[in-house]
Every structure is written in structure tokens, then in C-alpha cells.
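Remarks on the structure that follows.
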There are 2 protein chains.
Amino acid sequence: MPDGAPVTAVEETYTISQLAEAFELTPRTIRYYEDEGLLAPRREGQQRVYTHRDWARLKLIMRGKRLGFTIAGIKDFLDLYEVGDAQVPQMRFLLNSARDRIAILEQQLRDVQQTLVDLKEIEGLVVDHLARKGALDA
Amino acid sequence: MPDGAPVTAVEETYTISQLAEAFELTPRTIRYYEDEGLLAPRREGQQRVYTHRDWARLKLIMRGKRLGFTIAGIKDFLDLYEVGDAQVPQMRFLLNSARDRIAILEQQLRDVQQTLVDLKEIEGLVVDHLARKGALDA
DNA sequence: CCTTACGTTTACGTAAACGTAAGGTCAGGG
DNA sequence: CCCTGACCTTACGTTTACGTAAACGTAAGG
């Protein structure tokens with residue numbers, strides 16, 4: 001390894017449409033997330049330059065969306081990942097937020113599991129019914 | 001048991017505001033669900049009369065909302081519980097719907113679990129940080 | 001130099017899920 | 001008889017999460 005060489009290479013970057021395609025979003029949506037404070041890409045001239053960090057945040061955003069959270073809710077959630085250098089009062093606040101969120105998720109976990117049980121029972125009933133009618137081919 | 005007496009007593013009913021209070025909704029919201037076809041209460045004059053069945057459906061509606069489903073999505077979901085007397089093509093359709101929904105829920109299950117892991121790790125970090133500052137009292 | 005492609009801002013449009021106000025109905029009580 | 005309370009309908013307003021159109025900048029290629 002050459003002396004003085006940066007440990008992380010030039011750091012790969014992405015354009016807005018690259019991100020958009022990767023996550024199946026529109027550029028409009030990504031800019032909207034920026035307006036709402038979920039992303040803060042660097043600028044090169046007027047163009048946005050996204051890094052691996054933005055990629056990771058977008059992954060979290062998509063997960064939050066699948067869980068039905070609002071954009072504002074996702075923003076709060078993302079802030080939790082930024083524990084870095086907070087002061088004690090801010091830390092306490094983060095702790096409470098995290099615990100609130102955990103409680104919600106645990107409820108959601110129960111809901112998902114129960115709904116899966118229900119749906120699989122329905123699936124069984126339907127399959128049964130179709131079998132009795134001899135209509136269970138393709 | 002008197003001969004000819006109905007097995008189920010007079011069947012308990014609810015007014016719209018009773019339901020609203022029980023589920024922490026407004027009457028407006030419950031009427032809206034009716035507009036969207038999620039509920040179809042009997043009428044007595046102009047007043048809506050809700051039964052135990054409506055109560056059960058509302059429970060499912062609330063669960064769907066906690067899972068982040070849209071009203072239309074919840075309606076489709078509720079229809080799955082009405083497997084009763086469907087014909088074969090309808091049955092096939094229901095089966096597909098149920099299986100699609102199951103796939104979504106299984107993804108959601110993974111998302112919830114992963115998010116819980118993340119958040120609990122964050123919680124641990126924060127607690128640690130606070131402990132090191134000797135600020136872990138209240 | 002002109003077009004094409006991709007980016008930008010600004011701003012109005014829209015669907016979903018209700019909130020909220022206005023006004024009407026009807027049973028029970030004083 | 002009138003009032004109150006709880007219900008009703010109609011309809012416009014509001015927030016969220018983007019879509020979409022207009023108008024412009026800029027770098028690459030023919």
C-alpha cells in the first residue's frame with residue numbers, strides 16, 4: 001500500500017437518476033425527500049452528488065415506507081442512527097424516541113404475525129374448497 | 001331452554017358513537033369507512049345500527065391501519081374473510097389475493113424484525129453512552 | 001452551432017383519509 | 001311546545017406524498 005494513500009478510494013458517487021433507478025423511485029421523489037430533510041447530498045455546481053451514505057439512508061427510508069411510516073416519522077427514525085456526538089439531554093430524548101418506536105414495532109410484529117395466521121387459514125380453506133370441487137390444477 | 005327460543009339472544013347492537021369511542025375514532029371516520037365499502041350497518045329509520053360483526057370488522061380495519069395498508073387494501077383484505085359461497089373463479093382470485101398479501105406480510109415481518117434489531121442496538125449504544133457519563137439515574 | 005440527454009427550480013395538480021362547518025331529523029324530557 | 005342531544009347528509013377544507021408541466025442550464029456528440 002503506497003504511503004499516504006487514502007484508505008477509502010475516491011469514494012463512489014451516484015447521480016440522482018442512478019439512485020432513482022436502483023430504488024425504483026423517481027428523481028422527483030428523491031428531491032422531495034431532500035426537501036423533507038431525509039437526505040442532504042453534496043453539490044457539484046448545481047448538481048446533486050450522492051454517496052454510499054445516502055444510499056444507505058435510502059435503504060432505511062424504503063424500509064420505513066414498507067412499514068407504513070410517514071416521511072416525518074422516517075426522518076425522526078433516521079436521526080436515531082446519528083447518535084454520534086449528542087449531548088446528554090439530546091441522548092435522553094433519543095433514548096425515549098427509540099423506545100417508543102420499539103414499542104410500536106413490537107405491536108406491529110404481533111399484528112403481522114396474527115394476520116399471517118389468519119391469511120394462511122383462509123388460504124387453507126380456499127385450497128380445500130377448490131380441492132373438493134376438483135379444481136386444483138394449474 | 002324454552003322451545004322455539006332463538007339460540008342467540010336479541011343480538012347486542014351499537015350506535016356509531018359507541019363504536020367510535022371503543023375504537024378511538026370519530027363517527028365521521030366510521031361513516032367514511034362505510035362510504036368506502038368496509039362496513040354496511042343496518043338502518044333503523046335513518047340511524048345506523050352496528051352489530052358484533054361490524055365490531056369484528058372494525059378490529060380488522062384497525063389492524064390493517066397499524067400495518068400501513070390503504071383503505072382500499074383493507075377492503076380487499078376484509079373480502080378475503082368472506083369466503084363463504086364464492087364460485088370457483090372467484091375462489092381462485094381470492095387465493096391469489098391471499099397469497100400476494102401473505103408475501104407482502106412476510107416481507108414486512110422481516111422489515112420489522114430487522115428494524116427492531118437496529119433500534120435495540122441503538123438503544124444499547126445510547127444507554128452505554130449515558131452510563132459512561134454517569135447520567136443514568138431517573 | 002444544433003440537438004439530445006440529463007440535470008435544475010418553481011409551481012400548480014392530485015389522490016387518500018379524513019376534519020369541519022352548516023343545516024336537517026327525530027325521540028325524550030321539562 | 002320547545003329544547004336538548006344524538007344522529008343524519010352535504011359539501012368544502014386540509015394534510016401528506018408525491019406527479020407533472022414549464023422553463024432553463026450545461027456537457028457531450030454530430
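Reminder, nothing fancy here: chain letters follow the sequence lines and each chain counts from 1.
Residue T15(B) places none of its side-chain N or O atoms closer than 4.0 Å to OP1 or OP2 of dA6(D). For K65(A) and dC18(D), the shortest distance from a side-chain N or O to OP1 or OP2 is below 4.0 Å. One finds a side-chain N or O of R48(A) lying less than 4.0 angstrom from the OP1 or OP2 phosphate oxygen of dT8(C).
Salt-bridge annotation for K59(B) and D54(B): absent, with no side-chain N of the basic residue lying under 4.0 Å from a carboxylate O of the acidic one. Salt-bridge annotation for E34(A) and R43(A): present, with a side-chain N of the basic residue lying under 4.0 Å from a carboxylate O of the acidic one. Ionic pairing of R132(A) and D128(A) is present here: one or more N-O contacts between side-chain nitrogen and carboxylate oxygen are shorter than 4.0 angstrom.
Both V127(B) and V88(A) are assigned to one and the same hydrophobic cluster, defined by single-linkage of ILVMFWY side chains at heavy-atom distances under 4.5 Å. No continuous path of ILVMFWY side-chain contacts below 4.5 Å connects L116(A) to I104(B), so the two sit in separate hydrophobic clusters.
DNA chain C is contacted by T26(B), R28(B), T29(B), Y32(B), Y33(B) of residues 17-38 of chain B, taking any non-hydrogen atom closer than 4.0 Å.
Judged as a ring-ring contact (aromatic ring centres under 6.0 Å, His included), and not counting sequence neighbours, the contacts of Y81(B) are F77(B). With sequence neighbours left out, the side-chain contact (heavy atoms from CB on, under 4.5 Å) criterion links L78(A) to L38(A), R57(A), L60(A), I61(A), I74(A).
Atom pair F69(A):CZ and dA17(D):C1' shows a separation of 17 Å (rounding to whole Å applied). We find that CD1 of I16(A) is positioned 8 Å from C1' of dG7(C), with the value rounded to whole Å. In this structure, Q47(B) places its CD atom 7 Å from C1' of dA6(D), rounding to the nearest Å. Between K75(A) atom NZ and dA17(D) atom C1' the separation is 16 Å, expressed in whole Å.
Considering only heavy atoms from C-beta on, D118(A) comes within 4.5 Å of R63(B) through its side chain.
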Got a list of protein N/O to nucleotides 26-28 of chain C N/O distances below 3.5 Å?
none

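Within 6.0 Å of atom CD in E82(B), more than 12 heavy atoms from other residues, nucleotides or ligands are found, so the atom counts as buried in its surroundings.
Cation-pi geometry between R101(A) and F69(A) is satisfied (NZ or CZ under 6.0 Å from the ring centre, within 45° of the ring normal).
Pairs of residues two or more places apart, or lying in two chains, that qualify as side chain to side chain donor-acceptor pair (under 3.5 Å) and include a residue from residues 66-79 of chain B are D111(A)-R66(B).
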Pairs counted only when both distances fall under 3.5 Å, Watson-Crick or G-U: show me the 5' to 3' dot-bracket for DNA chain D, [ ] for pseudoknotted crossings and | for other-strand partners. ||||||||||||||||||||||||||||||
